Asks: 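There's a structure below that I have some questions on.
Keep in mind that this is a model prediction, so the values were computed, not measured. We name chains A, B, ... by the order of the sequence lines, and we start the count at 1 in each one.
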Amino acid sequence: MKSEPAAFGIDDLARAPQRTAAWDGVRNYQARNMLRDEFRPGDRAFFYHSSCGEPGIYGTVRVVRGGHPDPTAFDPAHPHYDAGSDPTDPRWYQVEVRLLRRFARPVLLEVLRKHSEGPLRRLLVLRRGNRLSITPVTDDEWNFIHHLARERPE
DNA sequence: GCCAACGTTGGC
DNA sequence: GCCAACGTTGGC
């Protein structure tokens, strides 16, 4: 799951009450479908920092609440407001995540790329032109990236 | 700031 | 449905 740390980074999640926050503001239909249909409580995800000095994976989160309507879409004062989203037929969805682990050594994009011909050859974040903010990760990729981070996979 | 890549919009 | 124009993403 990607986020720009200037907007919401892993440290913001670490400071949040119960280290839990809504993953809101997603305004892409493909990502929306994953939030709405595929996320389940207990699922885990990497927390990726994008559009920043050192893009990469900074830790992991656990889903504590599955897909439900994103209330920021209905708030005219909110930057992610969508006038076209009908509250009786919500267009945008969010999940709630809790910080699982903040990596002592983040796995930077440049390090991930070193394995783009090997164990991470299918990692969508490394695919040219990929702009999806939420992408699936296989168990093997999960384990390998923990290895790169010198972390025991959870 | 640049630019490639992609998604969305809207005229036709 | 096509496609040009435009906006956004995101690495560099």
Asks: Do H68(A) and Q94(A) have side-chain atoms, one donor and one acceptor, less than 3.5 Å apart?
Replies: yes

Asks: Apply the side chain to side chain donor-acceptor pair (under 3.5 Å) test between D70(A) and each candidate in R27(A), H80(A), H78(A); give the one that qualifies.
Replies: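 Going through R27(A), H80(A), H78(A) one by one, the side chain to side chain donor-acceptor pair (under 3.5 Å) with D70(A) is satisfied by R27(A) alone.
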
Asks: Same cluster or not: are L148(A) and L100(A) linked, directly or through other Ile, Leu, Val, Met, Phe, Trp or Tyr residues, by side-chain heavy atoms under 4.5 angstrom apart?
Replies: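 No: no chain of side-chain contacts under 4.5 Å links L148(A) to L100(A).
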
Asks: Does the protein touch nucleotides 2-11 of chain C at the base, only the backbone, or not at all? Give it as B, S and - per nucleotide, heavy atoms under 4.0 Å.
Replies: -----BBBBS

Asks: Indicate yes or no: does R44(A) engage E154(A) in a salt bridge with an N to O separation below 4.0 Å.
Replies: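 No, no charged N to carboxylate O under 4.0 Å.
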
Asks: What residues, two or more places apart in sequence or in another chain, satisfy ring pair (Phe, Tyr, Trp, His ring centres under 6.0 Å) together with F103(A)?
Replies: H146(A)

Asks: Does the plane of the ring in F47(A) sit parallel, tilted or perpendicular to the ring in F8(A)? Use 30° and 60° as the thresholds.
Replies: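 The arrangement is parallel - the two ring planes meet at less than 30°.
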
Asks: Looking at every heavy atom in both F39(A) and M34(A), which two are closest together, and how far apart are they?
Replies: CD1-O, 3.1 Å

Asks: Residues of residues 24-37 of chain A with any non-hydrogen atom less than 4.0 angstrom from an atom of DNA chain C: list those, numerically ordered, please.
Replies: none

